[in-house]
Number of protein chains: 2
Amino acid sequence: MGRRASRRVSIKDIARKAGVSHSTVSRALRGSPLVNPRTAERIRRLAARMGYVPNAAARSLVTTRTSIIGLVITTLADPFLAEIVRGVEEVALEAGYRLFLATSNADPEREMAAVRALAESRVEGVIVASSRVGDLYLPHLEALGVPIVLINNQREEPFIYSVASDSRQGAVEAVSYLVRLGHTRIAYIAGPPTARSNRERLAGYQEAMAQAGLSVDPAWIVEGNGRPEGGEWGIRRLLEVPRRPTAVFCYNDMTAIGALRAARAAGLCVPEDLSIIGFDDILFAAYTEPPLTTVAQPKYEMGRTAMSVLLRLLQGERTPAHLRLPCRLVERASCGPPLESAVPIAPHLLAERRLP
Amino acid sequence: MGRRASRRVSIKDIARKAGVSHSTVSRALRGSPLVNPRTAERIRRLAARMGYVPNAAARSLVTTRTSIIGLVITTLADPFLAEIVRGVEEVALEAGYRLFLATSNADPEREMAAVRALAESRVEGVIVASSRVGDLYLPHLEALGVPIVLINNQREEPFIYSVASDSRQGAVEAVSYLVRLGHTRIAYIAGPPTARSNRERLAGYQEAMAQAGLSVDPAWIVEGNGRPEGGEWGIRRLLEVPRRPTAVFCYNDMTAIGALRAARAAGLCVPEDLSIIGFDDILFAAYTEPPLTTVAQPKYEMGRTAMSVLLRLLQGERTPAHLRLPCRLVERASCGPPLESAVPIAPHLLAERRLP
DNA sequence: CTGAAAGCGCTAACAA
DNA sequence: TTGTTAGCGCTTTCAG
């Protein structure tokens, strides 16, 4: 009620009022067993009444512990990150840690400023949740001398801790789903060639095809860039291939959105003429036309896991350096069995086919 | 290069090596004029070489300033927030402030924990960037006794500082655009009835209609909920209205996405049979089918402005309590002139009309 | 221009 | 069980 902001009350103020020493107050407030339970209770009540709020700076100065974790993100604009951050924060809070936000927007100057801020506030650990961390950034982060956990890092950093989703397994999941649907000619529209996730998804695609005894026409693997344009190019290229695929596995949902658009522009019906499957399960995937079947990454769990790993490192415990969390198929409406006809129906006949 | 993490170097360490007192080092490092420029330079070089990093906790203990701003967000999952946070962070960084993240996910317990964390770390100010802040939350935040700036707050808090986009003006923008296109029968699919933004957009809609000398059939104003389902219901209702509208202004883009879907399901072509306009310009608006014409809120600017207002408050300067930033029309492809025919063409004729 | 000394709010020996 | 004392790393008087 009467908590005013003017000069905050300190343990000394409480001590004076309670007629004890400030160390007794300190002990009582932290639940030390070295205080008479009755005085302890009295002190706690008094502290509450006086509106006492511990000063984190003072405490950390003497304990040399700050209970702060640096959360490094390239950009919040990545719709992917929200759930990850939620997971991180939840575990952090439970363990009494706070989150310091450091976004860099891929600007080197900002990155340096962010690292400096993290250093000055003496973060105890760092979680990097950004697909692409600047080449210079990571070394500077390491110079902080605190444990670092990377989430879904695109480059391989063997010397560091990381949590990632199992892109390869997710890709296998997607492609074998298409195989079960009856497809035999399945294409892959790739993402950024340097991205690790792209290499893994490609590997998963090839593995699933091989497992199904299906051969892969090299023309079915086309380049993309992880954005809608990439999906559009991809579909256009794919439409010219002699043995035209009946299903397309896309590097990610943004690519799939472009693919959907290009397919429509070419007069193809999804999924009747072409099945399209994405990867990521972004918020928007449920609202495309048709709603996008995709592979969901365990975002929230990755966040939780990363923070748990960091916690273990902070307690000096051993923990596996690289964790992989499985992905999960999300069936919506952009995939279906292939049409009986070997060749997709020409666009000008499409309208007819819609009449039952 | 040999920056190791073992016991950090302090100004005393530097002082010893430089043969001066630690206060001289302190002065030199902060660029005080009370030091011989030459020794100052020498000290700074030495500090850099020794890998000195100031200890924010120690400094803030004596200055009683923390340079920390609390950033309160309900959830990062709102795609809307990313740009706002970017703006906030940019200004904060420029001014030497750091951001402390406090998300609550609308969980009262989490909210309390978050407030406590903010209090203990002695944030100097708070920015609340969440459409809906818990009824209990705000009073607790105010008990912190530090300036608070709300961004796009949905309830009216007359006693507090706020930055918001001008929803009414944005709505006028949207509706008069439809009027210019030639529409006279324009509907509004509303958002959450309690939301301030909804009331303002409705007011803007009515204002623009009146300005254009157009009467509003009450049946053209239908309920929604700010999510795609709301848009779907809305369209279904609107399709049954005797004087059927030729254009629909939606409370937000998510509503518009639902509207788009329902229109398609009803066999209507957008924009030929029905123009649809959204609000917010979420990332996804560019990728709907057809790409959504909408009204963009100045997200980034709101973030910057909010932080600037906070800065001014922190410096004890006067600043307007409530700021409104204008919205801006983003033309894409979901709006067009109304068809000459008074009644939309029946679905089975649509295919024909596409061939010219 | 520089140094000595005090103290920010707290924790943690060490005594009593 | 409690109080006394020292000190975390820094800024800031106050004297020189």
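Residue numbers start from 1 in every chain, and the chains themselves are labelled A, B, ... in the order their sequence lines are given, proteins ahead of strands.
Between Leu61(A) atom CG and dT11(D) atom C1' there is a gap of 12 Å when expressed in whole angstrom units.
A cation-pi arrangement, defined by a distance under 6.0 Å to the six-membered ring centre and an angle within 45 degrees of its axis, is absent between Arg98(B) and Phe100(A). In this structure, Arg86(B) satisfies the cation-pi test against Tyr300(B), with its NZ or CZ atom closer than 6.0 Å to the six-membered ring centre and inside 45 degrees of the ring normal.
Paired with Asn152(A) under the rule side-chain hydrogen bond (donor to acceptor under 3.5 Å, both in side chains), one option of Lys299(A), Gln297(A), Arg196(A) passes, and it is Gln297(A).
Side-chain N/O atoms of Ser26(A) and Arg30(A) include a donor and acceptor closer than 3.5 Å. No side-chain donor-acceptor contact under 3.5 Å links Thr305(B) and Ser308(B).
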Protein-proximity profile, nucleotides 10-16 of chain C, B/S/- by nucleotide at the 4.0 Å heavy-atom cutoff, equals BBBB---
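No more than 12 heavy atoms of other residues, nucleotides or ligands shown are found within 6.0 angstrom of CD on Glu109(B).
Where Thr64(B) and Asn36(B) each meet DNA chain C at their nearest nucleotide, the meeting point lying more 5' is that of Asn36(B).
Between Glu41(A) and Arg44(A), at least one side-chain N (NZ, or NE/NH1/NH2) sits under 4.0 Å from a carboxylate O, which counts as a salt bridge.
Between atom CD1 of residue Ile14(A) and atom CZ of residue Arg42(A) there is a gap of 12.0 Å, rounded to the nearest 0.5 Å.
Listed in residue order, the members of residues 37-46 of chain A having a heavy atom less than 4.0 Å from DNA chain C come to none.
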